[in-house]
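Below is one structure; the comments refer to it alone.
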Amino acid sequence: MDDLYRENIIDHYRSPRNKGHIEEPDIHYHDVNPFCGDEITMELKLDGDRIVDVAFDGKGCAISQASASMLTEEIMGKTMDEVKAMDKDDIMEMLGIPIGPVRLKCALLSLKVLKAGAWGLEDWPE
Ligand code: FES
């Protein structure tokens, strides 16, 4: 079963979804993983509280980039309240395979950038 999830991660890394930029995003935030320098930019377009468009850009390891790609699909159509409630467990569920402590920050980078852009939350998601 793990193989399926691994293949899905590799697929998102090789063919990222929603990669690029959107016009006049309501939220735009860029940050780096301080441990390795890998980068993610997240952009959101909102209609009221609901996400109606999302894009990411970045460069880095397979887990960080695949996780960002998956996150864009995950949050499309969600409300910002729903996004605010997302945490480490949601990302782990999304990836579907156990992630060791070293790669955890890779996996959480895009959610961290998203939350920092929306609410200025600087801590890594719990
Ligand atoms: Fe940099 Fe994964 S090694 S985010």
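Just so you know, ligand 1 is whichever comes first in the structure, and atom 1 is the first atom listed for that ligand.
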| message | Applying a strict under-4.5 Å side-chain criterion to I, L, V, M, F, W and Y, I'd like to know whether V113 and L104 cluster together. | response | yes

| field | Connected via hydrophobic side-chain network under 4.5 Å: I40 and F35 | value | yes

| request: Over all heavy atoms of both residues, which pair between C61 and D38 is shortest? Give the atoms and the distance, please. | output: N-OD2, 3.0 Å

| field | Heavy-atom donor-acceptor pair, D26 side chain to K45 backbone, under 3.5 Å | value | no

| query | Among protein atoms, how many N/O/S atoms lie less than 2.8 Å from atom 2 (Fe) of ligand 1? | reply | 2

| Beyond-backbone contact of L44 with D53, side-chain heavy atoms, under 4.5 angstrom | no

| When you check the side-chain N and O atoms of T41 and D57, is any donor under 3.5 Å from an acceptor? | no

